[in-house]
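Notes for the one structure printed next.
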Amino acid sequence: MGGGHGGGITYKGVTVHTPKTWHTVTGKGLCAVMWFWILYRAKQDGPVVMGWRHPWDGHGDHGHGDHH
């Protein structure tokens with residue numbers, strides 16, 4: 001395996017090294033962005049995905065069918 005620098009935990013011959021601080025902080029930040037995005041999209045598209053409303057409902061009347 002690698003050079004063996006730094007600390008880590010060895011289990012059955014495989015050493016898992018501890019992550020650097022910037023890896024941990026970046027991972028937590030990207031995880032937060034992911035969940036904010038998922039919850040935002042669930043708020044926007046949830047009723048359509050769950051089948052509670054059709055995607056074309058609620059857009060108002062755009063003048064379709066008013067041809068006399």
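One finds the CE atom of Met50 at 13.0 Å from the CG atom of Asp45 (value rounded to the nearest 0.5 Å).
Residue Arg53 comes nearest to Gln44 through the heavy atom pair NH2-O, 4.0 Å, listed as atom of the first residue, atom of the second, then distance. A pairwise comparison of heavy atoms in Ala42 and Pro47 identifies O-CD, 4.3 Å as the closest pair.
Between Tyr40 and Trp37, the angle of the ring planes lies from 30° to 60°, which puts this pair in the tilted group.
Shown here are the side-chain contact (heavy atoms from CB on, under 4.5 Å) partners of Tyr11, two or more places apart in sequence or in another chain: there are none.
More than 12 non-hydrogen atoms from other residues, nucleotides or ligands lie less than 6.0 angstrom from CD1 of Ile38.
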